[in-house]
Amino acid sequence: MISVAQNGRIGEVLESSTTHFVAASYKVLESPPFGALVRATTTDQSLVVYGLVYNIHTGSREPGGRAVVRGRTYTGRLLYDDEIYRAHPDLGEVLQTEFAALTVGYRHNGRLMQRLPPQPPPVHYSVYACSDEELVAFGEHLDFLRTLLLTSGLPTDELLTAAVRTIAMARRDGPTYLIRVGRELARLLKDDYDRLTALLSRLRP
Amino acid sequence: MSEGVNMSLNLAALSEQIRTMSQQVALTVRQRDEQLAQLRQRYLSETGREQYWAKAVELSKDSAHWLLAEPVEPLDTVRDLDNVPTDYAVVATDGSHIDVDRHGEVNCYLINIGQVYIRYGAQPEAYLESSPRLYFTEADLYIAHETQRIPIEGALLSIRRDIEEGIALGRLAGQYLTRLTIPRLALQDGTLIRWALANAEPAIRDHYLRQYLTYLEQMQQYGIPVASYISRTRSPEVMGLLRLMLCPDVRVDDRRGANCMQCSDAKRGKIPSCMICQNLIDADLFAPWLQEGQRGPLFRSFSRISIEGYEHHQIHFFFLRIGRELARVEIPAWVATNPQLVAHVHALVYDQAARGQGYPVALQRAHEQAVIRSPERRVFEQMVAGALRQAELSPGFSAKRESKQFVQG
């Protein structure tokens with residue numbers, strides 16, 4: 001890929017709905033990590049949508065297309081890992097890395113809400129990584145924990161603990177924050193001791 | 001699906017016939033192998049007399065009924081693959097089109113050119129793009145020549161697409177390759193010989209040939225070799241040269257070439273000696289002695305359009321072994337006469353095919369970019385119809401009216 005500066009944007013929305021959005025990275029294999037908080041822009045400049053990355057996928061750009069094995073060249077030479085990408089610069093153009101984010105809140109006119117936005121981010125709009133300050137500010141509210149616990153069909157417990165650990169790392173009072181989250185989880189899961197203990201053990205940094 | 005109970009094809013009766021057929025094929029293959037062994041011997045025995053046979057080709061070009069190739073290098077040439085440079089860059093194009101739909105709502109056609117630039121080595125990078133273009137103006141749809149208006153559709157549109165592929169390749173080379181100092185290559189799919197132009201009307205031939213030659217001229221000025229890659233070619237041009245070797249009428253010293261109308265074998269009621277070459281192709285000839293990566297001798301194609309119209313870009317070719325396949329690689333004269341460029345083309349084309357598991361990567365990618373799938377075709381048709389409606393034209397009516405205008409000229 002002829003690289004072009006992206007002014008901090010890490011992806012572009014390809015699919016969008018109220019509860020989640022899928023974005024493609026501008027460079028293959030580059031994606032925010034699992035559990036990362038990302039911010040998507042919308043047509044309303046005062047509205048941004050927050051999502052937690054719950055799935056990262058790399059595959060062919062072509063519908064129905066599939067990568068082929070390339071570790072052994074035609075002449076019998078063996079190529080490993082990054083060597084394959086260097087030997088086939090075109091791969092960066094035909095493969096695509098996408099990440100899916102679960103919508104966990106939005107900010108409107110500077111006010112952060114941990115609930116579903118009035119409109120999802122439009123397709124082709126930009127996705128940015130969140131700064132540490134943004135992460136800290138987002139983590140102040142704990143309503144997103146309930147959203148995650150109530151979402152089915154996704155590895156939500158993994159997602160929740162990964163996100164909370166990331167937020168705790170960005171905060172000066174990380175350990176205190178983890179305790180606060182632990183208490184909130186205990187309140188939300190008072191009927192599900194097994195799930196609670198599993199979550200708490202995964203919260204440990 | 002029924003479980004084979006209602007099978008209507010009588011397989012038992014067929015199996016006997018299939019057996020007979022396979023025996024027949026085996027027999028033909030054996031005969032063919034024997035013929036080829038004889039022909040190879042004959043061909044190699046003429047090594048050292050290339051100039052003689054070049055003259056024979058020249059003398060026969062108008063009177064022989066088959067295609068010909070003139071030897072440029074010793075007939076037994078086998079060139080090993082040079083070291084493939086680690087750093088090099090390649091551009092390639094390929095095209096597809098949607099033809100004028102005579103029953104459609106509006107008169108237009110679409111050419112989609114897949115464009116590829118790939119750079120290998122220390123600074124790997126790639127650029128893939130498809131650039132569709134819609135042609136709808138009078139000048140796009142017709143070639144005006146004196147009182148004639150020749151519609152660009154069908155075979156003529158294919159010609160136009162071929163030319164556009166070349167022009168796009170020239171543009172791509174100018175954009176990406178001219179700034180580089182590493183080895184470079186501009187690669188086209190299929191032949192560089194615009195065969196279809198040979199039978200076109202002179203006005204059309206000149207119209208398109210001029211554009212094509214301008215592109216080749218540009219590449220020559222850039223100093224970037226142009227090559228095309230033909231997979232599974234069935235070309236019989238070297239076979240034509242072999243036919244001359246077998247022809248009883250060729251006497252270069254008497255300035256006599258092959259003249260099929262006056263074939264002396266035929267006059268004596270014999271099967272012409274050259275008929276042994278019938279159904280054989282050039283690749284058959286070279287197959288046994290070219291090893292992986294090696295190329296055979298250079299030839300100059302004697303196809304009429306190249307000889308008569310291509311000026312100093314006349315197309316040369318050689319065969320190159322890639323796995324089980326002998327690919328035909330075509331290059332213009334100014335590449336063929338520069339041994340260093342020939343070596344570059346040889347090495348880079350081979351490397352491209354090796355990276356692509358037997359077919360050049362850049363061409364694969366260009367094809368992927370160019371191809372128009374049927375759902376896309378449908379969307380395109382809907383877009384055209386929708387746009388016409390928006391423009392408040394009644395498409396059906398206006399098409400009718402326009403078509404009347406077209407008939408009136």
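Computed from heavy atoms alone, side chains included, the values below leave out hydrogens, waters and symmetry copies. So that the names make sense, note that chain A is the first sequence line, chain B the second, and so on, each numbered from 1.
A centroid separation of 6.0 Å or more is found between the aromatic rings of A:F34 and A:F99.
Residue contact with chain A, scored on non-hydrogen atoms closer than 4.5 Å, involves the backbone and the side chain of B:L128 alike. With a 4.5 angstrom heavy-atom cutoff, B:R355 touches chain A via backbone and side-chain atoms both. Looking at B:R119, only its backbone comes within 4.5 Å of chain A, counting heavy atoms on both sides. In this structure, chain B has no heavy atom under 4.5 Å from any part of A:R77.
The main-chain N or O of B:I111 is never found under 3.5 Å from a side-chain atom of B:R133 such that the two would form a donor-acceptor pair.
For the 3.5 Å distance criterion, the side chains of A:R107 and A:Y50 qualify, holding a donor opposite an acceptor. Donor-acceptor pairing under 3.5 Å is recorded for the side chains of B:T191 and B:E330.
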